[in-house]
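Keep in mind that what you see is a predicted model, and the values were worked out from it rather than measured. Lettering of chains follows the sequences in order, A, B, ..., and the numbering in each one begins at 1.
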Amino acid sequence: AQSVTQLGSHVSVSEGALVLLRCNYSSSVPPYLFWYVQYPNQGLQLLLKYTTGATLVKGINGFEAEFKKSETSFHLTKPSAHMSDAAEYFCAVSRTGTASKLTFGTGTRLQVTL
Amino acid sequence: GAGVSQSPSNKVTEKGKDVELRCDPISGHTALYWYRQSLGQGLEFLIYFQGNSAPDKSGLPSDRFSAERTGGSVSTLTIQRTQQEDSAVYLCASSLAGTRNEQFFGPGTRLTVL
């Protein structure tokens with residue numbers, strides 16, 4: 001079975017500050033890992049994913065995440081927050097393979113203040 | 001060209017009525033998924049279809065829920081005898097087989113059961 005834990009249901013940062021959203025996973029097999037963003041009243045948009053290879057992955061809008069197997073973590077970071085980053089962020093895990101359901105964390109709502 | 005589309009965008013129904021939610025996946029995507037997003041339960045997997053294989057129904061919460069995918073394309077999620085706890089946003093996603101499970105999400109259908 002797989003699971004995802006996102007620490008902090010709400011995170012508030014100042015514009016220009018570092019964004020750090022935490023995600024830890026549990027998986028009995030090497031997982032695929034994803035971060036999705038959801039803006040109000042919209043569907044989910046993929047930010048970035050880790051499947052194999054380089055453990056530091058870069059995504060859209062300046063976000064990146066690092067897969068750390070020893071810590072079972074996949075934290076999302078962005079060096080400098082913008083007001084437009086305010087949204088809800090979901091970490092997800094799936095089994096490796098061609099197609100598999102995603103197991104999501106509970107989400108972290110990011111607030112960006114002036 | 002488009003992405004995944006879902007209809008209706010909003011549905012209000014009375015307790016006990018049946019509802020049908022529709023999903024049009026991205027053309028050529030062989031895998032199709034349904035998820036439910038609710039305040040109490042977060043994002044939950046419901047069912048997925050992969051090509052001609054038997055669907056994975058392991059996430060359906062009760063036998064009131066069913067889904068079909070006709071011709072390997074459009075899918076319909078049916079909820080019979082709706083209950084208030086069925087109120088949620090129902091999200092559909094699709095993916096290509098072999099693309100390491102990058103799922104593209106539709107905007108969702110917001111279901112309200114009165």
Side-chain angles (χ1 to χ4, degrees), chain A residues 1-10 23 25 27 29-55 57-60 65 67 74 87-109, chain B residues 2-7 9-10 23-26 28-60 67 69 72 89-110:
Chain A
Q2 299 174 307
S3 66
V4 175
T5 301
Q6 290 185 243
L7 291 177
S9 58
H10 289 83
C23 173
Y25 70 90
S27 177
V29 296
Y32 289 163
L33 294 160
F34 306 82
W35 276 99
Y36 280 86
V37 61
Q38 186 177 36
Y39 298 100
N41 299 315
Q42 295 187 27
L44 296 165
Q45 180 182 5
L46 181 68
L47 274 178
L48 49 79
K49 64 181 179 183
Y50 169 78
T51 55
T52 59
T55 56
V57 293
K58 296 185 183 298
I60 61 172
F67 170 60
F74 191 57
E88 187 146 22
Y89 293 79
F90 293 92
C91 183
V93 63
S94 75
R95 290 182 295 119
T96 56
T98 58
S100 179
K101 65 183 181 184
L102 293 170
T103 299
F104 287 91
T106 50
T108 298
R109 184 166 298 280
Chain B
V4 178
S5 61
Q6 294 185 243
S7 60
S9 55
N10 281 282
C23 173
D24 283 89
I26 294 172
H29 280 193
T30 57
L32 185 148
Y33 312 77
W34 284 97
Y35 295 88
R36 178 169 72 173
Q37 186 174 26
S38 59
L39 283 176
Q41 302 298 324
L43 270 159
E44 306 171 277
F45 163 77
L46 295 177
I47 185 171
Y48 96 85
F49 301 86
Q50 170 57 47
N52 294 323
S53 302
D56 177 351
K57 303 179 181 180
S58 60
L60 294 178
R69 188 178 186 192
V89 176
Y90 290 82
L91 294 168
C92 177
S94 68
S95 72
L96 285 168
T99 55
R100 299 179 174 178
N101 208 22
E102 179 173 346
Q103 297 179 22
F104 296 83
F105 283 79
T109 293
R110 181 175 298 277

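A donor-acceptor pair under 3.5 Å is formed between the side chain of B:Gln6 and the backbone N or O of B:Cys92.
Residues forming a ring-ring contact (aromatic ring centres under 6.0 Å, His included) with B:Phe105 (at least two apart in sequence, or on another chain): A:Tyr36, B:Tyr35.
Neither the backbone nor the side chain of B:Ser9 comes within contact range of chain A; no heavy atom of the residue lies under 4.5 Å from a heavy atom of that chain. For A:Gln38, the part lying near chain B is the side chain, with the backbone staying farther off; criterion is any non-hydrogen pair under 4.5 Å. Of the atoms belonging to B:Leu43, heavy atoms from both backbone and side chain fall under 4.5 Å from chain A. Contacts of A:Leu44 with chain B are made by both backbone and side-chain atoms, with heavy-atom separations under 4.5 Å.
Residues B:Tyr33 and B:Val4 are not in side-chain contact: their nearest non-hydrogen atoms beyond the backbone lie 4.5 Å or more apart. Under the 4.5 Å side-chain criterion, counting only non-hydrogen atoms from C-beta, B:Asp56 is in contact with B:Phe45.
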